[in-house]
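Scroll down for the structure; my scribbles are underneath it.
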Amino acid sequence: MNTIIVGLQWGDEGKGKIVDYLTESADVVVRSQGGNNAGHTVIAGGVKYVLHLLPSGILWDSKTNVIGNGVVIDPVGLCQEIARIEGQGVAITPDKLLISDRAHIVLPLHKELDAAREAALGEHKIGTTKRGIGPAYADKVNRCGLRLADFGDPEFVRNRIAHRVAEANEVLARHNLTTFTSEAVCDEVFAAVERLLPHVTNTIPVLHKAWRSGETLLFEGAQGTLLDIDFGTYPFVTSSNTTAGGACTGTGLPPMAIQRVVGVCKAYTTRVGSGPFPTGDEGLSDYLHGLGREFGATTGRPRGCGWLDTVLLRMACMVNGVTHLAVTNLDGLDQYAELKICTGYQIDGILHKLPPARRDLWDRATPVYETMPGWQTDTTACASYADLPAAARAYLDRLAALCGAPVAFVGVGPDRVQTLAV
Ligand code: IMP
């Protein structure tokens, strides 16, 4: 069975852990969109690994890992990540990691342009990770990007970099920011790509062969549905399709190759960056930060925290075609006496059961809550779904009913053994 794993909220749902859990039965683990703006923390055998571009299957000896054409790759960042993970004792050989020759690269100047644009937006900034993701995807769509395959023609790459540097410098100079020289960018980028080349190939036939021969494929989504460029809280979104369809366009595998869509959400809601967050709650944020939870894996930023929002989840389950829900971080709510669940938004006297498209409506959305009793019991040692307190199971049942998809996995802690199958 081939499976897409997608985030149903604003990223950081704990997808890495669910991917890691499902990887056991997978042969191939695939990333299809995003870049090193993603940060997956996986704890295996008591060791903590932080992954940004590498698929989570890299931590297993026998899995093939593919970075698909829909991903934007910062070659310098990826080389550093490979070195770091290898330093933790994980071998990353060319047959274990394959990178699409159609993937676009993030240039150093994309990061500066990202920062410059954010600075120019001032209080209206998106709150990006400043990894150059937006500018790299913009170049792709603008048809002036660089793909890994282009490095077969170094002259073309040098010319294109010179062109991109000249254009970027104009913008950077206007903001009094450090400009680039084409030589320095070329030196840095060519050296990093050289290191990656043994991994670079046409991944389309590799994936099709795996599919046709009955191997199990796992598509590892990055970010979440509300950060999707089409379905998210635009413009406070990332620049890729984070939803299930992105797994096809980002890899070259067709929709009929997929049988299962696992949607991952937290038992509450979090978000980093700017933009609407109707159920955001300072009390819950302070409480979870006090427990040392909810600090970003990529940037270390504290995440805003809020109550479970089933308006968002309802749409997320629809657009992704979620067949199974994975609810993570249930243990974060262990000691709360009373839990709120948002079932709709009141906006100008009208009840909304789905998120609005108009951005000004978001600012006036008042969540409609129902409350449920907490379980006030430590769930971290629960070894099976049946071990969970009855109130916790009732909370999960209500979540599933409101979202329209069944709960199949529950996370009660960061370790592999703390993922319970229902
Ligand atoms: P960008 O992807 O760096 O352009 O950032 C755009 C928005 O997506 C910002 O709100 C970021 O905080 C958010 N974002 C990007 N990647 C992640 C992620 O992996 N987890 C959570 N938020 C993310």
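Whatever order the structure lists them in is the order used to number ligands and atoms, beginning at 1. Excluded from the calculations below are hydrogen atoms, water molecules and symmetry mates; all remaining heavy atoms, backbone and side chain alike, are included. Computed from a prediction, not measured in an experiment: that's the story for all the values here.
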Going by distance only, is there an N or O of [X] that falls short of 3.5 Å from an N or O of ligand 1?
X	answer
T128	no
S239	no
R271	no
R131	no
D12	yes

I want to know whether F236 and W362 have ring centres closer than 6.0 Å. no
Before accepting this row, confirm whether a basic side-chain N of the pair R131/D74 lies closer than 4.0 Å to the acidic partner's carboxylate O. no
What atoms of ligand 1 come within less than 4.0 Å of a heavy atom belonging to [X]?
X	result
R301	12 (O)
I126	10 (O)
V272	10 (O), 12 (O), 21 (C), 22 (N)
G127	9 (C), 10 (O), 11 (C), 12 (O)
V237	6 (C), 7 (C)

Fit a plane to each ring of F295 and H289, take the angle between them on a 0 to 90° scale, and name the class: parallel (under 30°), tilted (30 to 60°) or perpendicular (over 60°). tilted
For the pair N65 and W60, evaluate side chain to side chain donor-acceptor pair (under 3.5 Å) and give the outcome as yes or no after the intermediate values. CA-CA 10 Å; N65 294 273; W60 300 68; over 6 Å; no
For [X] and ligand 1, answer yes if some heavy atom of the residue is under 4.0 Å from a ligand atom, otherwise no.
X	value
W10	yes
A38	yes
D114	no
R303	no

Who's closest to atom 22 (N) of ligand 1 heavy-atom-wise, of T238, L227, T270? L227
Minimum heavy-atom separation for L402 to R314, with atom names? O-NE, 3.1 Å
Any donor-acceptor pair under 3.5 Å linking the side chain of S100 with the backbone of G68?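 No: the side chain of S100 does not pair with the backbone of G68.
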Side chain of N36, backbone of L53: donor and acceptor closer than 3.5 Å?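 No, N36 side chain to L53 backbone: no donor-acceptor pair under 3.5 Å.
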Aromatic F180 / basic R164 pairing, under 6.0 angstrom, 45° off normal: no
Under the criterion side-chain hydrogen bond (donor to acceptor under 3.5 Å, both in side chains), which of E220, K15, K17, K63 is the partner of S56?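 When E220, K15, K17, K63 are each tested with S56, the side-chain hydrogen bond (donor to acceptor under 3.5 Å, both in side chains) holds only for E220.
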Ignoring hydrogens and angles, state whether a donor on the side chain of Q223 or N37 is under 3.5 Å from an acceptor on the partner side chain.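 Note: Q223 and N37 side chains meet the donor-acceptor criterion.
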